[in-house]
Amino acid sequence: MSGTMKDGRRRSPLAMIAMPLMVILWTIPTVGLLVTSFRTREEAATSGWWSSIFGGGWTLDNYRGLFENTSMGSSLVNSIVVAVPATVLPIMFAAFAAYAFTFMRFPGKDVLFIVIVAVMVVPIQVAFQPMLDLLGPRGLGINGQFVAVWLLHTGFGMPLAVYTLRNYMATLPNSVVESAKIDGASHFQTFWKLVAPMSSPAIAAFATLQFLWVWNDLLIAKLFIGGGANKTVIVDLQQMLGTQGQGAELLTAGAFLSMVIPMIVFFSLQQFLVRGMTSGAVKG
Amino acid sequence: MAVVTTTPSTSPGAAAAAPEPERRAGSPARPVRLLIGAVGMVVTAWLVCNIFLAFAYYPQWFAGSGILIGLLGLIVGIGGSVVFFYFLNLCIEGFPSRFSEGLIPYAFLLPGFSLIAILLLYPTVQTIVYSFANKDSTAWVGLENYQAIFGDAGFWSALLNNLLWILIVPILTVAFGLAVAVLADKLSATGERIAKSFIFLPMSISFVGAATIWGLIYAYNTPGSPQTGLLNAIVVALGGEPHAWYQIDTARLNSLLLMVILIWLQTGFAMVLLSSAIKGVPEDTIEAGRMDGASEGRIFWQIVFPQVRPTMLAVFITVLILVLKVFDIIYVTTNGRDSTDVIANLFFRKLFVEQQAGQASAVVVVLLILVLPILVYQVRSFRQQEANR
């Protein structure tokens with residue numbers, strides 16, 4: 001295992017042994033879920049999932065049962081209806097604010113941005129009771145509808161969005177904006193024609209993070225949409241986790257189904273995510 | 001027209017060093033624009049708000065279809081905000097340029113900050129207020145809620161657990177992330193990419209999904225019957241007795257097992273950031289070490305490690321903030337039984353199961369006080385970073 005790699009670096013036996021082990025260790029739990037989701041209830045209850053890898057006895061019944069007997073199908077649609085607007089809506093507001101923070105000078109700028117940095121740390125639990133009052137029957141009465149969670153996720157995602165976009169915009173060459181200004185472009189035009197398109201990597205990075213966060217969220221979905229007809233997959237899954245006996249075999253299939261879309265989003269936007277995270281989203 | 005700003009000289013604004021642009025001729029007030037802009041803004045905001053309320057109040061208008069509502073929500077939301085900003089800009093331009101230059105920044109900040117104010121700042125204040133009120137927030141009770149939670153052994157147990165989570169999870173996440181980043185860096189490019197993808201993957205999995213996954217590992221069957229949980233199967237294969245892992249609170253073992261889930265989820269995140277930090281270490285500093293005959297281990301600890309430390313700290317803080325609010329994992333696995341409770345789960349139970357809004361608010365205030373040092377640290381390190389920009 002000695003020698004050199006194509007790029008001339010020396011091979012590291014330690015890394016070549018340790019990394020595959022780590023990868024296996026990190027992947028086994030998910031593989032267990034995937035395998036179990038293709039097993040019948042009797043088999044899953046009487047033997048470990050690893051025994052069926054070579055033993056066979058696979059079935060698609062769990063997935064069929066999921067769509068025929070549970071609300072998982074409509075919950076999947078609900079999750080998309082919740083997650084897509086909740087991902088896109090904060091971006092517009094945040095981009096304008098980030099532009100102001102990056103390219104304009106005004107009194108109070110420091111203080112206002114420090115507010116952004118500070119509220120990123122504030123636990124969202126503080127918002128629950130006041131927001132339940134405001135959106136619930138005592139207030140607007142929109143609790144349980146998609147609009148309520150769009151609003152909440154847009155607000156809760158705002159600090160991170162402004163922070164990420166502003167940190168990215170600060171790396172753009174200032175001369176671009178200055179020359180646009182000299183050419184007589186207004187801030188509004190500069191934003192639309194220059195800064196917003198140039199910021200697209202950071203926008204994609206935030207969008208990926210926000211989508212994963214909204215899709216995977218349990219608390220807000222549970223409190224502000226609830227377990228009714230509009231429930232999301234994660235709430236549905238949480239309800240299934242409590243069931244014993246009949247239907248328990250659907251849980252693993254449901255869990256896997258709930259992961260498919262975020263995994264696709266994750267893998268297709270991974271580069272943006274990594275670039276966004278390393279170039280500002282989490283810079284301490 | 002350049003305006004004299006009163007920005008303090010310490011302002012780190014990106015534009016600070018830029019030369020003043022050529023002065024444009026100041027324009028006078030244009031009342032028509034101002035009026036159209038103002039009216040347009042109000043009408044747009046009114047229209048958007050009402051359409052959104054209609055989604056909630058009259059879903060039957062939209063055939064009760066979630067997809068249609070979602071699509072319309074996207075179109076109205078994006079379109080509405082574009083039109084709103086357009087009118088906002090029009091309105092501001094209607095002012096004499098002397099004013100408009102000064103007003104535009106605030107106009108750009110207004111929508112975003114309104115949302116933050118309504119959804120984060122106002123509730124924070126309101127929650128603190130509620131913590132001094134009774135269980136349905138109808139009368140003042142002074143410090144009674146705090147006395148109630150501080151006198152409750154369950155609260156201290158939850159706090160202790162939070163402390164354990166804080167002490168264990170961020171450090172192990174950073175350590176694993178660093179180990180993976182360093183080792184992956186020594187693989188071939190393809191090997192590194194594949195290995196990192198697999199370890200990064202759990203980041204896309206929800207806490208509820210992760211709890212389901214790990215449920216298959218921690219599953220328990222009575223002794224004698226075949227063990228379907230991986231951990232118990234291994235224990236039995238080695239000649240031990242199977243255990244109901246989630247119920248063992250000796251040395252808080254069950255909490256530790258729950259922490260494993262979070263570490264599993266977050267290591268990929270730490271790895272990605274640390275990996276890019278390691279790759280950012282200038283090659284010549286490492287070369288210099290090699291020239292001096294330092295061992296690989298010494299090069300890592302004395303040259304790479306110090307340069308990666310700021311990133312480690314940033315990852316540590318991010319995971320720490322996450323850990324403080326940890327809720328889902330506990331809620332769906334043990335729901336706080338067998339001494340696994342944490343503050344966020346206690347809050348949930350107080351508010352929705354016991355219907356004690358006052359005490360629930362007091363619990364959140366405690367959580368708020370716990371994050372305060374991190375908040376101060378974040379603000380300070382941000383200012384430092386800006387000063388160095």
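These numbers come from a predicted model, not from an experiment. Numbered from 1 within each chain, the chains take letters A, B, ... in sequence-line order.
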Contact origin within [X] toward chain A - heavy atom pairs under 4.5 Å:
X	answer
B:L187	both
B:W214	side chain
B:F52	both
B:L230	both
B:I217	side chain
B:L201	both
B:S225	neither
B:Y86	both
B:S197	both
B:P105	both
B:Y331	side chain
B:F347	side chain
B:I118	both
B:E192	neither

Chain B heavy atoms under 4.5 Å from [X]: which part of the residue, side chain, backbone, both or neither?
X	answer
A:L89	side chain
A:A15	both
A:F146	side chain
A:V115	side chain
A:T30	both
A:A161	neither
A:A148	neither
A:V122	both
A:W215	neither
A:A127	both
A:N143	neither
A:F96	both
A:M263	both
A:L212	side chain

Under 6.0 Å between the ring centres of B:F200 and A:W26?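 No.
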Is the A:F188-B:F85 ring centre distance short of 6.0 angstrom?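 No, the ring centres sit 6.0 Å or more apart.
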Check the angle between the aromatic planes of A:F113 and B:F382 and answer parallel, tilted or perpendicular using the 30° and 60° thresholds.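 Tilted.
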